[in-house]
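Encoded as structure tokens, the structure appears first; notes follow it.
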Protein chains: 2
Amino acid sequence: MFSLSEENYLKAIFHLQRNKNEEVSTNALAHEMKSKASSVTDMLKKMADKELVIYKKYQGVKLSELGRKTALEIIRKHRLWEVFLVEKLNFSWDEVHEVAEDLEHIKSKKLISELDEFLGNPKRDPHGDPIPDANGNFLVINKALLNQLNEGDEGVFVGVKDSSTEFLQYLDKNNIALGKRIQVVEKESFDSSMQIKIENKATVNISKQVSENLFIKSI
Amino acid sequence: MFSLSEENYLKAIFHLQRNKNEEVSTNALAHEMKSKASSVTDMLKKMADKELVIYKKYQGVKLSELGRKTALEIIRKHRLWEVFLVEKLNFSWDEVHEVAEDLEHIKSKKLISELDEFLGNPKRDPHGDPIPDANGNFLVINKALLNQLNEGDEGVFVGVKDSSTEFLQYLDKNNIALGKRIQVVEKESFDSSMQIKIENKATVNISKQVSENLFIKSI
DNA sequence: TAAAATATTTAGGTTTGCCTAAAAATATAT
DNA sequence: ATATATTTTTAGGCAAACCTAAATATTTTA
Ligand SMILES: [Mn+2]
Ligand SMILES: [Mn+2]
Ligand SMILES: [Mn+2]
Ligand SMILES: [Mn+2]
């Protein structure tokens, strides 16, 4: 249906749009795609012709309904494969992204619906991100970034914003795993670092860079 | 490492070479790749530069050691994915080929070694073809095509030569499945058709086209 | 063994998805 | 409001993997 490159553009635009309906800039997209602005302009013209995106010169781009639907299909596949790799093939959560990046482009309706069922219709991937169903619907959970909580607040760690290998390995090392209960013990206004308690046991000090990449669901 | 197209060429050359060390002709390869002779000549020059093949103008082509090793890696992946699809995702043996054709190009050492283990290190794929191990070694079984047997001979059905959807579905319909014992009841010299007995029960009449595509291991 | 048939290669294009450099539009600062 | 900086687009190219048509080699046949 669509080329590998088109699919990757769709995903990138989707992620840059976030929930909002905002336009995405050529430069932002070039950065996300690790490519050049001129290449992006090229591609956006082609994708607009195919009605995958709404693009107006100098005005940025957003996904059309078709584009959004297609992006969600790819994200569904990406996240299902990540679950497969972790649950069935002993991958750790910091190893799955690269491989899923390729697997997400395999085109077979049956493959993905059977995989979904084989995995027990999981609702979230190993990083806590929601897995869209076959119609593109997914659960939006009420979560906040840890750095927005106040002293004494507590909640459950439900997702990461940054899912780079380095960050995930840092979390492993500090025993910060999905599903664990986290309490803000102290906030240092000077550098925005935080002291947190994990599962009422270990107390760790984390930098602003860490706390602004952890999603917490309040309880 | 190598492009999707290069990998498909390697596999095609491997299959056309069969066990023999014979040269493969440009035309044969074009036919196998569903492409044109001129495109094949183009590609062979590039692949020879990369030392994947040994190619001499007008003389045909064969795989280098590197080419053979790489081809076997792709075949290993193809067949492991086929097993996965049949054993874990409820695909039937006539549905797996197309999807495996794409999955075989995913590049991850860990993925394939873990998949192998997850599947219990299978030795054959759903069509009876041997699965090479990580070093490219595989079992060669002593088998013959059914049409080469004589009246009264018997053996076990261990593989198909033609693995097209149509042929596999024909076999399903006639209850001819891998592992079943087959006995030649009668051979019609006129049209080379055969009457065979399956598991000492059903007697079926099969055409030459069928019998020359079934591999039998004598017992 | 020479003509005819067939197979293979070369020449010259196309499309996709990239690139650099230059031009044009938009945004920011004075 | 104008000058400057930044962003975006256009122009012109490139490599991969195809294609058709024409040229050349090889094989077959008479
Ligand atoms: Mn991708
Ligand atoms: Mn993920
Ligand atoms: Mn393939
Ligand atoms: Mn097979």
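A note on names: the letters A, B, ... follow the listed sequences, proteins ahead of strands, and every chain is numbered from 1.
Side chains of A:Phe91 and A:Val99 form a contact here, defined as non-hydrogen atoms less than 4.5 Å apart.
Here A:His97 and A:His127 keep their ring centres 6.0 angstrom or further from each other.
Between A:Thr26 and D:dT7, a side-chain N or O to OP1/OP2 separation shorter than 4.0 Å is absent. Phosphate proximity of D:dA17 to B:Ser35: absent, as no side-chain N or O sits under 4.0 Å from OP1 or OP2. Proximity of B:Thr41 to the phosphate of C:dT9: a side-chain N or O atom is located under 4.0 Å from OP1 or OP2. B:Tyr55 has a side-chain polar atom (N or O) that falls below the 4.0 Å cut-off from OP1 or OP2 of C:dT9.
Counting only distance, with no hydrogens or angles, the side chain of B:Asp133 and the backbone of B:Asn135 share a donor-acceptor pair below 3.5 Å. The backbone N or O of A:Lys187 sits less than 3.5 Å from a side-chain atom of A:Glu151, completing a donor-acceptor pair.
In this structure, NZ of A:Lys46 is placed 8 Å from P of C:dC18, rounded to the nearest angstrom. With rounding to whole Å, A:Leu29 atom CG is found 14 Å from C:dG17 atom C1'. The CG atom of A:Asn27 sits 14 Å away from the C1' atom of C:dA25 (whole-angstrom rounding). Taking atom CG of A:Leu44 as the reference point, atom P of C:dC18 lies 11 Å away to the nearest angstrom. The nearest whole Å value for the distance from the NZ atom in A:Lys57 to the P atom in D:dT7 is 19 Å. Distance B:Glu23 CD to D:dT27 P: 12 Å, rounded to the nearest Å. Rounded to whole Å, atom P of D:dA16 lies 9 Å from atom CD of B:Glu6. For the pair B:Tyr58 OH and C:dT6 C1', the computed distance is 12 Å after rounding to whole Å.
Heavy atoms of A:Ser5 sit under 4.0 angstrom from primed sugar atoms or phosphate atoms, though from no base atom.
Residue A:Lys161 qualifies as open at atom NZ: its count of foreign heavy atoms under 6.0 Å is 12 or below.
Nearer to the 5' terminus of DNA chain C, by closest-nucleotide assignment, is the contact made by B:Lys45 (compared with the other of A:Lys34 and B:Lys45). Position along DNA chain C of the nearest nucleotide to A:Ser38 versus B:Lys56 favours B:Lys56 as the more 5'-ward residue.
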